[in-house]
Peer 1: 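Before I ask anything, let me first share the structure, which is written out below as structure tokens.
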Amino acid sequence: MSQLTTNYLTPTGREEAWRFTPLKKLSGIHDLEVSVADNVSLFAKSDLPKGVSLTTPNTSDHPPAYAASDIVTNRVRKEAKKITLLAIADNTEIAEPIFLQRKCGPTAEVSRTAIQIGVNSRATVVIENNGAGKLGEEIEISLAAGSSLNFITLQEWDLNSVHLAQHHAIIGKDAQFNSYVVSIGGSIVRISPTVEYTGMGASAEMYGVYFATDEQHLEHRIHVNHSVPNTKSRVNYKGALAGKGARTVWIGDVYINKGAEGTDTYELNRNLLLTDGARADSVPNLEIETGEIVGAGHASTTGRFDDEQLFYLQSRGIPADIARRLVIRGFFAEIISKLKNEEIEERLMNRIESELSRVGE
Amino acid sequence: MSVLEIKNLQVSVITEAGNKEILRGVDLTVKSGETHAIMGPNGSGKSTLAYSIAGHPKYLITGGSVTLDGNDVLEMSVDERAKAGLFLAMQYPVEVPGVSVSNFLRTAVTAIRGEAPKVRTWVGEVKEAMASLNIDTAFSERNVNEGFSGGEKKRHEILQMELLRPKIAILDETDSGLDVDALRIVSEGVNRVKASSDLGVMLITHYTRILRYIKPDFVHVFANGKIVEAGGPELADKLEEQGYAAYITA
């Protein structure tokens, strides 16, 4: 991934980038032999405030701003005729979150989106992916100098949905990009949040929560490329798994290039196995080409919630179902509370709890 | 006034190699305000007694009965036993990732008392209990038992006992792994709860050391899965001098 090349071939599963992913369950989104529909699928949930525009120009007028290596991203670029363009004017502060709702069609489809935050502007964008869908997508996010974006994507899909996505952020001078990826629903969700920096003082905080139950595959592949001096990244993803065949993959690639003196980075992934039969892969990877940095570190832990913990909590009077909920809520609260939206918080925790109660059925 | 009555209790441990008999007919009655020391050599079944009463799923009750104020404890789920007024301070408290001490204590107290404690009084109550056990307030934000030292784990157990106010507490080798200072702090905690709540205590220990701090009313020698001798505090002195050799049968 360190070299951005265009490798446009159907993956076989032997590639490093695809070795964890069950290709057979992707509904052909990755498979060049299978046709996909071109569908504009993102819509604003309510009227947009002044300074914000949502349009669907031809993709030919909006060429990609970076070279992609991901096969699905390249396919999206080839197939999508329209791009969904959310633009926020310069020097605009949007206090209320902008909600975008996904509406997928019945067959496998692609979607290309660009989000542009003007100079010194601030906004929160929430994308709600729910219902049934088989979606390959690319979201290109550019933050102009001094801007700030909270970018929240909620994967609350139905349990048969398939979602393959890349979120690529290009962060300008002194801009702050905060990404929150929440993946709960879907048969397969595979999201690659990737980040590059174009100016000093640029910073990215990337948070994630995922909860996989029976036979669900949730994969998050983070890639942070520090290529200019004095940039910062923080990555913190937490996942829980319950039930047979529940599977999560977390890849955290952080590159500190030769010219990136003063880089400050830390990435963290924690997984909680709630039952037997679940599997979490966690692969942090840090490559450093300069010693002149502020800090660089990573940590990865995978722990179990087992019968002894259940016994311990019960022996203090806590009923078994509350004990499990307590553990999960506590585990996710650190990140979900950062969304600063009680309604979403409660909805996510309720979805997690209702899925947990169905484990093994 | 509460009574924990154990009659002819027989228990096997469930293992992959089959069930193994551990307790061979234990008779013991613990009443409010009484402190019973259960002393015996390693492997005699003391901890099995503690965990069977608390309802650990690893143990299979094969005979006998356990009642608390006439109610059948063995028919209760683990959490129902705690709600009925039983508390087990564990020798090896379990780490619970993702659950902070403050959240855990609040949830447990809510479950036991049947209603959430009032925020204002609760914070003070926890702070006071922590202070008296020399527990740093920063403890509240740590995950339950995660990364705790041996002494911190034991103090945390006694903290829970103070807040949950059980009728009968079983302290399973609470003294093990404690230095003299920690032992004194933990013992003072137990004595404080006893003084304020008429707690009945079943104190399981290998050594007589803790009995200098927590005075037993009765001492029972436990060997080979049952109580083989019972007496007053003087029995502990005899064990201190002579050890358990006389009770271990080949």
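In what follows, every heavy atom counts, from backbone to side chain, and hydrogens, waters and symmetry copies are set aside. In what follows, every chain begins at residue 1, and chains take the letters A, B, ... in the order their sequences are listed.
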Peer 1: With only heavy atoms counted, which part of A/Leu326 is less than 4.5 Å from chain B, the side chain, the backbone, both or neither?
Peer 2: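 Both parts, backbone and side chain.
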Peer 1: Is A/Arg304 in contact with chain B via its backbone, its side chain, both, or neither, using a 4.5 Å heavy-atom distance?
Peer 2: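 It is the backbone, since no side chain atom gets that close.
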Peer 1: Give, as side chain, backbone, both or neither, the part of B/Pro93 having an atom under 4.5 angstrom from any heavy atom of chain A.
Peer 2: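 Both backbone and side chain of B/Pro93 come within 4.5 Å of chain A.
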Peer 1: Does a sphere of radius 6.0 Å around CD in B/Glu21 hold more than 12 heavy atoms from other residues, nucleotides or ligands, not counting ones at 6.0 Å or beyond?
Peer 2: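 Yes, because the 6.0 Å sphere around CD of B/Glu21 holds more than 12 heavy atoms from other groups.
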Peer 1: Select all residues of residues 132-154 of chain B having any heavy atom within less than 4.5 Å of some heavy atom of chain A, and report them by number, or 'none'.
Peer 2: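 Residues B/Val144, B/Asn145 are the ones that qualify, each having a heavy atom under 4.5 Å from chain A.
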Peer 1: Which heavy atom of A/Phe311 sits nearest to which heavy atom of B/Gly55, and what is that distance?
Peer 2: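 Here A/Phe311 and B/Gly55 meet closest at CE1-C, 3.8 Å.
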Peer 1: Could you check whether any side-chain heavy atom of A/Gln309 comes within less than 4.5 Å of a side-chain heavy atom of B/Pro97, counting everything from C-beta outward?
Peer 2: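 Yes - at least one pair of side-chain heavy atoms lies under 4.5 Å apart.
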Peer 1: Please confirm whether the backbone N or O of B/Val94 pairs with a side-chain atom of A/Glu308, one donor and one acceptor, at under 3.5 Å?
Peer 2: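 Checking the backbone N and O of B/Val94 against the side chain of A/Glu308, no donor-acceptor pair under 3.5 Å is found.
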Peer 1: Non-hydrogen contacts under 4.5 angstrom with chain B: give the residues of residues 330-347 of chain A involved, or none if there are none.
Peer 2: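 Against chain B, the residues of residues 330-347 of chain A that fall inside the cut-off (heavy atoms, under 4.5 Å) are A/Gly330, A/Phe331.
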Peer 1: In terms of heavy-atom contacts, does NZ of B/Lys20 have more than 12 from other residues, nucleotides or ligands at under 6.0 Å?
Peer 2: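 Atom NZ in B/Lys20 is not packed in, count stays at 12 or less.
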Peer 1: Hey, is CZ on A/Arg270 packed in by over 12 heavy atoms from elsewhere, all under 6.0 Å?
Peer 2: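 Not more than 12 within 6.0 Å, no.
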Peer 1: Are more than 12 heavy atoms, taken from residues, nucleotides or ligands other than A/Asp158, located less than 6.0 Å from that residue's CG atom?
Peer 2: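 Buried by this count: over 12 neighbours within 6.0 Å.
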Peer 1: Roughly how far apart are A/Ser315 OG and B/Ile53 CD1, rounded to 0.5 Å?
Peer 2: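 Between A/Ser315 OG and B/Ile53 CD1, I get 13.5 Å after rounding to 0.5 Å.
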Peer 1: Counting only non-hydrogen atoms closer than 4.5 Å, does A/Leu310 touch chain B with its backbone (N, CA, C, O), its side chain (CB onward), both, or neither?
Peer 2: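 Contact with chain B involves no heavy atom of A/Leu310 at all.
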Peer 1: Check whether B/Ser100 gets within reach of chain A through its side chain, its backbone, both or neither, counting any heavy atom under 4.5 Å.
Peer 2: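 Neither; nothing under 4.5 Å.
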Peer 1: Considering heavy atoms only, which positions within residues 155-165 of chain B lie below 4.5 Å of chain A?
Peer 2: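 The stretch touches chain A at B/His156, B/Glu157, B/Gln160, B/Leu164.
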Peer 1: Are there residues of residues 75-92 of chain B whose heavy atoms fall under 4.5 Å of chain A's heavy atoms? If so, which?
Peer 2: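 B/Val78, B/Asp79, B/Ala82, B/Lys83, B/Phe87, B/Leu88, B/Ala89, B/Met90, listed by number.
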Peer 1: Roughly how far, to the nearest 0.5 Å, is CZ of A/Arg329 from CG of B/Asn103?
Peer 2: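 Here the interatomic distance stands at 10.0 Å.
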